[in-house]
**Q** 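Below is one structure. I have some questions about it.
FYI, side chains are in, hydrogens and waters are out, and symmetry mates aren't considered; it's all heavy atoms of this structure. This one's a predicted model, so the numbers in the text were calculated from it and none came from an experiment.
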Amino acid sequence: MPSGTPLYMTIAADVRDRIVTEQMGPHTLLPSERELAETHGVSRMTARQALSLLESEGVVYRKPPRGTFVAEPRVRFHVGSFSEEVARMGRRPAAQLLWAEHQVATPAVRRALELDDGAAVHVFHRLRSVDDVPFALETTFLPAELTPGILEVTDDGSLWAVLRSRYGVELARSTAVLESIVLDDATSLQLGVRAGSAGTLLTRRTEDISGRCVEYARDVYRADRAAFEVSEALGSQRLSRV
């Protein structure tokens, strides 16, 4: 690390390196604050700062009084269908429907979906999980004119699959904006994390092959369990994938 780097950051970097080089698996017990302080010749407060930084990054988790442990690695997503992304990684996706409604689109939703004044949407609010661990709360808006009867669909998987198979929609492009947020009490409870934990808000628009927007979504992910991969082709053809 460069000179002048705070000691707690140096210690955190050392712990990260040890996890990788020693191939420590998830739930491996790590050195305590006292042991870190003695090893690096610092105060326990400095060691505690290092562990707090690693916890905020999702690298470790703490279970007082048992200690600090290596966290499960984040699931790395591209923007797209949650179910399809998780299945691609060999994990088990699931969706719990919390509510579904027919609504008149709000101005923000109407603008995102490029709908006329007074147009209606079908809204799904679902808790998404990976291998039974809560990961995200999804709120998905679909044009009602495009998706008649979709509120009666009991499938707990991919809405994209339903759009393709039931409505013949050919999806072509999905774009998203990612923002760091602080989870409120209700969302934290549903996602199984402490109130005030870090989250990621993903706002997504999906278009079909004609360029029509067929889905607008606002998804809130646990920041400690999800990561998003972004790539950009450089040169004459610029494509983005998240």
**Q** Which is it for Glu215 and Arg204 under the salt bridge (Lys or Arg N to Asp or Glu O under 4.0 Å) test, yes or no, and what are the steps along the way?
**A** CA-CA 8 Å; Glu215 178 204 46; Arg204 183 179 70 242; 2.9 Å; yes

**Q** Main chain of Met24, side chain of Thr28: is a donor-acceptor contact present, judged purely on distance under 3.5 Å?
**A** no

**Q** Side chain of Arg222, backbone of Leu191: donor and acceptor closer than 3.5 Å?
**A** yes

**Q** In Å, rounded to the nearest 0.5 Å, how long is the span from OG of Ser129 to CZ of Arg91?
**A** 11.0 Å

**Q** I need the Thr206 OG1 to Leu163 CG distance, nearest 0.5 Å.
**A** 8.5 Å

**Q** Specify whether Tyr61 and Phe69 have parallel, tilted or perpendicular ring planes, treating 30° as the upper limit for parallel and 60° as the lower limit for perpendicular.
**A** parallel

**Q** Would Leu178 end up clustered with Phe135 when hydrophobic side chains under 4.5 Å apart are linked, directly or stepwise?
**A** yes

**Q** Can you tell me if CD on Glu101 sees more than 12 non-hydrogen neighbours from other groups inside 6.0 Å?
**A** yes

**Q** Ignoring hydrogens and angles, tell me if any N or O in the side chain of His122 forms a donor-acceptor pair with the backbone of Thr147 under 3.5 Å.
**A** yes

**Q** Any idea which heavy atoms bring Leu115 and Pro143 closest together, and the distance?
**A** CD2-CB, 4.2 Å

**Q** Go through the structure and list residues passing side chain to side chain contact (heavy atoms under 4.5 Å, CB included) with Gln190, not counting sequence neighbours.
**A** Leu98, Leu137

**Q** Do Val86 and Leu127 sit in the same hydrophobic cluster, where Ile, Leu, Val, Met, Phe, Trp and Tyr count as joined when their side-chain heavy atoms come under 4.5 Å apart?
**A** no

**Q** Please report the closest heavy-atom contact between Arg110 and Gly118, naming both atoms and the distance.
**A** CD-N, 4.4 Å

**Q** The test is side-chain hydrogen bond (donor to acceptor under 3.5 Å, both in side chains); show your working for Glu72 and His27 and say whether it passes.
**A** CA-CA 7 Å; Glu72 291 274 357; His27 317 299; 2.9 Å; yes

**Q** Can any side-chain N or O of Arg205 pair as donor or acceptor with the backbone N or O of Ala112 at less than 3.5 Å?
**A** yes

**Q** Is the number of heavy atoms from other residues, nucleotides or ligands within 6.0 Å of CD (Glu145) greater than 12?
**A** no

**Q** Could you give the distance from CG (Leu113) to CG (Leu142), rounded to the nearest 0.5 Å?
**A** 8.0 Å

**Q** Considering residues, nucleotides and ligands other than Glu22, do more than 12 of their heavy atoms fall under 6.0 Å from its CD?
**A** yes

**Q** Is Asp116 reaching over with its side chain to a backbone N or O of Ala119, donor-acceptor style, under 3.5 angstrom?
**A** no

**Q** Side-chain heavy atoms nearer than 4.5 Å, only ILVMFWY residues, links allowed to pass through others: does that put Leu202 and Val130 together?
**A** yes

**Q** How close do Ala105 and Val121 get, counting heavy atoms only, and between which atoms?
**A** CB-CG1, 3.9 Å

**Q** Are Ile150 and Val169 connected, step by step, through hydrophobic side chains (Ile, Leu, Val, Met, Phe, Trp, Tyr) whose heavy atoms are closer than 4.5 Å?
**A** yes

**Q** Do you know which two heavy atoms are closest between Gly199 and Leu183, and how far apart they sit?
**A** CA-CD2, 3.8 Å

**Q** Identify the two heavy atoms, one from Leu151 and one from His102, that lie closest to each other, and give their separation to 0.1 Å.
**A** CD1-N, 3.7 Å

**Q** With no hydrogens and no angle check, just 3.5 Å: does a side-chain donor-acceptor pair link Thr187 and Asp184?
**A** yes

**Q** Would the distance check show the side chain of Glu35 and the main-chain N or O of Ser32 forming a donor-acceptor pair, the cut-off being under 3.5 Å?
**A** yes

**Q** Taking Met9 as the starting point, is it possible to reach Leu36 by hopping between hydrophobic residues whose side chains are less than 4.5 Å apart?
**A** no

**Q** Begin from the C-alpha positions of Ser83 and Arg128 and carry the test side-chain hydrogen bond (donor to acceptor under 3.5 Å, both in side chains) through to its verdict.
**A** CA-CA 9 Å; Ser83 297; Arg128 305 309 307 268; 2.7 Å; yes

**Q** Measure across Ala50 and Tyr8 and return the closest heavy-atom pair with its distance rounded to 0.1 Å.
**A** CB-O, 3.3 Å

**Q** Please check this pair: side chain of Asp131 against backbone of Arg92, looking for a donor-acceptor N/O pair closer than 3.5 Å.
**A** yes

**Q** Hey, mind stepping through Phe77 and Tyr221 against ring pair (Phe, Tyr, Trp, His ring centres under 6.0 Å) and telling me if it holds?
**A** CA-CA 11 Å; Phe77 292 90; Tyr221 284 79; 5.5 Å; yes

**Q** So with a 6.0 Å cut-off around CG of Asp185, is the heavy-atom count from everything else above 12?
**A** no

**Q** To the nearest 0.5 Å, tell me how far Leu51 CG sits from Leu30 CG.
**A** 7.5 Å

**Q** Is a salt bridge present between Glu55 and Arg62, judged by a nitrogen-to-oxygen distance below 4.0 Å?
**A** yes

**Q** Is a salt bridge present between Arg16 and Glu57, judged by a nitrogen-to-oxygen distance below 4.0 Å?
**A** yes

**Q** Not counting sequence neighbours, which residues clear side chain to side chain contact (heavy atoms under 4.5 Å, CB included) with Glu179? List them please.
**A** Val177, Leu201, Thr203

